[in-house]
Amino acid sequence: MNNEQTDQVKRRLEELEELKSLGVNPYPHKFDVTHNSAQIISGFKDPADESEAEKQKQNIVSAAGRISAIRKMGKASFSHIKDQEGKIQFYIKKDEVGEDTYRIFKLLDIGDIIGVKGYVFRTKTGEVSIHCTGLTVLTKSIQPLPVVKEEITETGEKIIHDAFADVELRYRQRYIDLIVNDNVKDTFIKRAAIIKSIKNTLDKHNFFEVETPTLQSIYGGANARPFVTKHNALGIDLYLRISNELYLKRLIVGGFNRVYEFVKDFRNEGIDRTHNPEFTQVEWYQAYGDYFDSMNLFEEAVEQAAIDALGTTKINYQGTDIDLKRPWKRLKMTDAIKEKTGLDVINMKRAEIAEYMQKNEIEFDKRISGNKGLLIASLFEATCEEDLIQPTFVIDHPIDTTPLCKPMREYSLSQIDEMKKDPEQVIFVERFEPYINKWELGNSYTELNDPILQRKLLEEQVERGRGGEAETHPMDEDFLNAIEIGMPPTTGVGMGIDRLVMLLTNSYSIRDVLLFPLMKPLDS
RNA sequence: GGGGAUGUAGCUCAGGGGUAGAGCAAUUGCCUUUUAAGCAAUGGGUCGGAGGUUCGAUUCCUCCCAUCCUCACCA
């Protein structure tokens, strides 16, 4: 905070001193609230006659909140206070509250937090308000707040004047954003409802909530660069988790049949509209199930979250209508490519696919040109993702895209060994990625539990890492040991919560669904 | 990391080679049912930071910082 005081801050400090000199404690310890703004408004009934009106005056409510507007008119004033539920107007008259209280009222500013006692009435212009009989200063604010004004037009349209709109200030000082911009709070209320709903769905299906380490000595379960930190006493490097997958699988090995965990994952990568270095995922694992079970549960969880948070499965994201109603479309990755490009990639040679991509100016990492599976995956991303607006499970990926997923059930084990020797053959795995609005919303497998194949695939990945392919994770011997002990047939899911919340709240940027998105620190 | 845009009063913005302007907010006065309250007056700015060009820079140039958009990266 800079130490230079603006005239407005100086003035507020003077008012603070004046309040003290009047014997007012500007920071008292407690205030008894009997009603919030919404309760006051919904609980008011217009009196039928004079005597009923008189009776209502005996009914004193007490509310508390932050002053959001003041309209002073000499010896009487109107003001709004804002609490978590909304706004309530109060009317204060010098004759009624007395000289001292009115003087205190005049020392208040927008942003101060006060308690108001009084009876409820309806003003001439029709607004249910508190007729103030007592006023308590609860917190004097010494920094000015942006003043946002609302205008309700004759057609009932709401116009916001001078909104606090600078996104940088909004993210850096989210507390101001929350005070001043009503729709912001709404986004986070919905976020909480979405998470609660998903937990309810998982609980309903007898999943068990667990907690696994954030600090890991070996990171894994995804392809991403980690954040590195140091443990001083142990003298070792630790990594902030990029995924909790390998730990949840250990729990399946340990005999928990259905587990889930909501976690922050940390990935040391670029930041953009759909990526923040720390983000929230829920992962769940279900023993004795396959990826079809996961698809069913995934679409159920999302559909139910939409109903619980919004009351509908029909959403509009930035102008696009999307319906989250079950069942969702299921589309094999190779069929998606065929539909879009007409290519039958399974029967094409690696060189032919690469040639097609070059001819059509589809960029790909030259290091994968010898890997047919990765070529197919790149071709899919470049050509098909843009069409995946309505909820779609893209299923059955090339094995090269992940070492943790089980090959499709139609292959025999000897067939897999045979196919692996031929670089023009692609093994497909039982994987799906749910797409909505072109975004991957998650990832799921029929989990690989064959310890021999698991070790082989992880070793291949480590080797490729040495060859310079982008990101791979180090070998986790303890995880392999767990798989060797034996993991039952299992399916698992990761679901990106932030992107789901973006969709359901029509938020343009991931930063709009994170209370405190990462910002570069400002110098001094 | 590449490209583009932005940064002026507490907030939202306009302006432009001769050290700045509006609305809201603030201060003072009037005002006892207002609601973007009203009327009148007043104060408030190192024009993101550092250099350079110039008699003179907030304006032009370079660099830096921050933010947004976009591409790359991140399956």
Residue [X], side-chain atoms from C-beta onward, closest of [options]:
| X | options | result |
| --- | --- | --- |
| A:Glu168 | B:rA25, B:rU33, B:rU67 | B:rU67 |
| A:Gln8 | B:rG23, B:rA37, B:rG10 | B:rG10 |
| A:His161 | B:rU67, B:rU70, B:rA36 | B:rA36 |
| A:Gln89 | B:rC11, B:rU34, B:rA36 | B:rU34 |

Task: Option from A:Glu15, A:Glu14, A:Gln8 for which side chain to side chain donor-acceptor pair (under 3.5 Å) with A:Arg11 holds - done: A:Glu15
Tell me what [X] touches on the nucleic acid: a base, only sugar-phosphate, or nothing, going by heavy atoms under 4.0 Å.
| X | value |
| --- | --- |
| A:Leu169 | sugar-phosphate |
| A:Ala69 | nothing |
| A:Glu385 | nothing |
| A:Phe164 | sugar-phosphate |
| A:Glu381 | sugar-phosphate |
| A:Tyr435 | nothing |
| A:Lys93 | base |
| A:His397 | nothing |
| A:Glu150 | sugar-phosphate |
| A:Arg431 | base |

Open item on the list: Quick check: on RNA chain B, is the nucleotide nearest A:Arg12 upstream (toward 5') of the one nearest A:Ala165, or the reverse? Name the residue that is more 5'.
Closed with: A:Ala165
Task: 5′-ward residue of the pair A:Gly74/A:Asp166 relative to RNA chain B - done: A:Asp166
- [ ] Would you please confirm or rule out a distance under 4.0 Å between OP1 or OP2 of B:rC30 and any side-chain N or O of A:Lys72?
- [x] no
Task: A:Arg431 NZ/CZ over A:Tyr291 ring centroid, <6.0 Å and within 45° of normal - done: no
Open item on the list: Any donor-acceptor pair, under 3.5 Å, between the side chain of A:Asp162 and the base of B:rG23, if you only look at N and O atoms?
Closed with: yes
Open item on the list: Taking donor-acceptor contacts at under 3.5 Å, does the side chain of A:His275 reach the base of B:rC74?
Closed with: yes
Paired nucleotide for [N] [Watson-Crick or G-U wobble; both distances under 3.5 Å]:
| N | result |
| --- | --- |
| B:rA5 | B:rU67 |
| B:rU59 | none |
| B:rA40 | B:rU28 |

Open item on the list: Check the orientation of A:Tyr119 and A:His131. Use parallel for under 30°, tilted for 30 to 60°, and perpendicular for over 60°.
Closed with: parallel
Task: Salt bridge flag under 4.0 Å for residues A:Arg330 and A:Glu299 - done: yes
